[in-house]
Student: 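Before we start, here is the structure in question, set down as structure tokens.
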Amino acid sequence: MAEVLNEILRNTVARHRAGDIQGALAGYRKVLEIKPDHAPARHGEGLALEGLGQFDAALDALRVAAATAPPSPLHQFNLGRVETRHGDKGQAEAAYRSAVALKHDFADAWNNLGLLLDGQHRPNEAEDALRNALSVASGHIAARVNLARLLCSQRRRSDAQVVLDPVFSVPVVPAEAHFLAGTIHEDEGRYEPALACYEAALARDPNFDRARNNIGTTLLGLQRYTDAREVFLSMLQERRGTGPANATVFNPADWAGPEGTTLRTCRARLDDLAAQLRHMVEHDVLEAGWEQAAALIDQAVAWHDAQGLDADQPHVMSGVAIEAIAGLHERVIRCADEIPHTGSALGQDNDFSAIEQAYQASPTSVTVIDDFLSPDALAQLREFCLNSTIFFGHNATGYVTSYMADGFVSPLLYRVAEELQDAMPSVLGGRHLHNMWVYRHRNEGAGVNAHTDDASVTFNFWITQDEASRDPEHGGLVVYAKEQPLDWDWHDINLRKNAPDVKARIADFLADANPVTIPHRANRAVLFHSNLFHMSDRFSFHEGFANRRINITLLFGERGS
């Protein structure tokens, strides 16, 4: 009987490897009909079910196989792999650890364990696992790339380079390796070699958007602002399309999604887009028919409310109302990108040499600059932010966002950066613009929780008019006289700043810190050392779309410099 089962299993595995998943599933189940505790067949059944997209059933089968004696490292490995993607990450970790306990030289299991731990923000354990992978298989390219990525995230660039160097001797270098080499060069200010690495990553993988994004930031480092802007605009066009400068009659069919379309979004973002469209119609930026688009969004909001969903949390939304707005939600309707401007973009009444001295003398490295932009530049930047539908991001604390690859690339902003670099050489010398964004908040709230910026110098400024504020003594920024320790995991702290455990850790850390509170003023900039913890001050603005609090951030240089 054993020989018969083995023969069936050999034929079944061959069918599975040939791509006949249904046939393989039938074969595994034939073995299991005869011997229900046949662990290899149960394991194969799980893999076949995974291949058919039946993940719950796959997990059930793989869990049974992994629990059947004698224990198999391969069964534990595949259980860990599927648990990671579709099950319980705690069980995934246990499975990987069982795999390497049974087979210490199981490099793939060490590598996957390292990735899992890294994703759980456990960098020290992740590094140990990845180094174990390399200790038993020094040629494990994926483990080398994953370890180099982890070390780069910790700014241990020399260590990362040592790990990465052998990868470039293999016949086909992974795109990620070129990308990581580029980040090392870029962080060290070697922009031309960084550019070459990112271009090599794109040549290997034309869909590698992070490499394309970093080509843009590297061009910023070279102060090739026009070229950088073109990179970001090309990313925007490919991902979001671009609407005409003056949108014509609204045609619902042009903006609807196919039947069955779903959107992962939240009520707050839909509300903001509907309010923006109505503002643009009211000010003759869009023709009156676009009110119909806002009304369609209202129907999607009504669907959301009928489900009883949290307004600020993203949810998968479906149905006829969602299908009708899919294009409105995901595509650019209008981007007022070409903004003509003559003269200086910065306010001419400011003595930037004195501002530099004040910033460098400040015990907390915080300086306020009023009348930051020229009146014309301020007016044009307001027009750009109010009448460009480029706010594709949303934060759970109640604001919508736009970044460079979303279309936040007005040439006026690059002029501001260039003029700042010329006006403040002591503060910005050797520190290139590498990121910028805009946040549009609702009319009342708390804004951004305490965090730090991944840079050396931050300029944060506000463009909403003063008369919009109900509370002129608040609504701005709170900066704490305490820096985030450089050995903290920056991504864990800042990308999860809204998580209860991270908020509690930051609150404990800042308990003895002195806060500097700067009230909101139109055209006021706050210049501060990026690694200082800071947060929005509570704010209350009058109703109306144009009255919503808008802040813009420009980041220069590398964190820790």
Side-chain angles (χ1 to χ4, degrees), residues 13-14 16-19 21 47 50-51 73-74 77-78 80-82 84-85 96 99-100 103-119 123 126-188 190-219 221 231 234-235 238-239 405:
V13 169
H16 199 164
R17 289 174 177 168
I21 300 178
L47 296 182
E50 180 196 10
L74 180 62
F77 171 80
N78 278 317
R81 185 178 53 77
V82 181
T84 299
R85 294 180 179 176
Y96 284 138
V100 296
K103 180 177 170 58
H104 181 73
D105 63 350
F106 201 158
D108 284 346
W110 282 118
N111 175 67
N112 285 19
L113 176 61
L115 279 177
L116 177 68
L117 295 168
D118 187 29
E127 181 178 349
D128 287 344
L130 292 168
R131 289 196 182 279
N132 280 337
L134 294 178
S135 72
V136 298
S138 62
H140 198 292
I141 299 304
R144 284 198 173 275
V145 171
N146 291 330
L147 179 57
R149 185 192 309 113
L150 172 64
L151 296 171
C152 283
S153 72
Q154 297 175 337
R155 286 181 166 73
R156 294 164 57 188
R157 292 187 288 268
S158 296
D159 291 342
Q161 191 67 66
V162 170
V163 170
L164 203 56
D165 279 343
V167 177
F168 291 95
S169 64
V170 302
V172 180
V173 179
E176 181 83 0
H178 289 297
F179 174 79
L180 292 171
T183 65
I184 294 170
H185 286 305
E186 184 179 2
D187 287 346
E188 296 283 356
R190 299 187 295 269
Y191 301 121
E192 294 289 359
L195 199 58
C197 288
Y198 296 139
E199 288 171 345
L202 267 184
R204 184 77 182 88
D205 178 4
N207 297 316
F208 200 159
D209 273 355
R210 285 183 298 149
R212 189 176 309 180
N213 182 84
N214 282 27
I215 287 175
T217 59
T218 301
L219 291 169
V231 169
S234 70
M235 293 181 69
E238 288 181 16
R239 296 194 301 168

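Note that the coordinates shown come from a computational prediction; the quantities given were computed from them, not determined experimentally.
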Student: Any side-chain to backbone donor/acceptor pair from S138 onto L134? Under 3.5 Å, distance only.
Tutor: no
Student: G182 and A194: which non-hydrogen atoms are nearest, and at how many Å?
Tutor: O-CB, 3.5 Å
Student: Looking at R156 and E127, is any side-chain nitrogen of the basic one under 4.0 Å from a carboxylate oxygen of the acidic one?
Tutor: yes
Student: Are R144 and E176 close enough for a salt bridge, meaning some N to O gap below 4.0 Å?
Tutor: no
Student: Measuring only between side-chain heavy atoms, which start at C-beta, is L117 closer than 4.5 Å to L113?
Tutor: yes
Student: Between R131 and L147 (side chain of the first, backbone of the second, donor and acceptor by atom type, cut-off under 3.5 Å), is there such a pair?
Tutor: no
Student: Centroid separation under 6.0 Å, is that true for the rings of F168 and H178?
Tutor: yes
Student: With side chains defined as the heavy atoms from C-beta onward, is the minimum distance between S158 and Q161 less than 4.5 Å?
Tutor: no
Student: Any idea which heavy atoms bring A107 and A133 closest together, and the distance?
Tutor: O-CB, 3.7 Å
Student: Rounded to the nearest 0.5 Å, what separates atom CG in N214 from atom CD in E199?
Tutor: 12.5 Å
Student: If I compare all heavy atoms of V173 with all of V167, which pair ends up nearest, and what's the gap?
Tutor: CG2-O, 3.8 Å
Student: Measure the spacing between CG of L195 and OG1 of T218 and express it to the nearest 0.5 Å.
Tutor: 6.0 Å
Student: Mark yes or no for whether Y198, through its side chain, and T183, through its backbone, hold a donor-acceptor pair below 3.5 Å.
Tutor: yes
Student: Is D159 paired with R157 through a side-chain N to carboxylate O contact shorter than 4.0 Å?
Tutor: no
Student: Is there a side-chain contact between Y96 and T84 in this structure, where contact means two heavy atoms from C-beta onward sitting under 4.5 Å apart?
Tutor: yes
Student: Would N132 and V100 count as a side chain to side chain contact (heavy atoms under 4.5 Å, CB included) here? Give the steps.
Tutor: CA-CA 10 Å; N132 280 337; V100 296; over 6 Å; no
Student: Starting at CD of E186, measure out to CD1 of I215 and round the result to the nearest 0.5 Å.
Tutor: 10.5 Å
Student: Hey, could you give me the OG/CG distance between S135 and D105, rounded to the nearest 0.5 Å?
Tutor: 9.5 Å
Student: With a 4.5 Å limit on heavy-atom distance, are the side chains of R204 and V172 in contact?
Tutor: yes
Student: When rounded to the nearest 0.5 angstrom, what is the spacing between CG in L151 and CG in L164?
Tutor: 10.0 Å
Student: Distance from I21 atom CD1 to L47 atom CG, nearest 0.5 Å?
Tutor: 10.0 Å
Student: Less than 6.0 angstrom from the centroid, inside 45 degrees of the normal: does R210 satisfy that with respect to the ring of F179?
Tutor: yes
Student: Is the distance between the ring centroids of W110 and H140 less than 6.0 Å?
Tutor: no
Student: Should N111 and N146 be marked as a side-chain hydrogen bond (donor to acceptor under 3.5 Å, both in side chains) after you check the CA-CA gap, both sets of side-chain angles, and the distance that decides it?
Tutor: CA-CA 8 Å; N111 175 67; N146 291 330; 2.8 Å; yes
Student: Identify the two heavy atoms, one from A405 and one from R239, that lie closest to each other, and give their separation to 0.1 Å.
Tutor: O-NH2, 3.0 Å
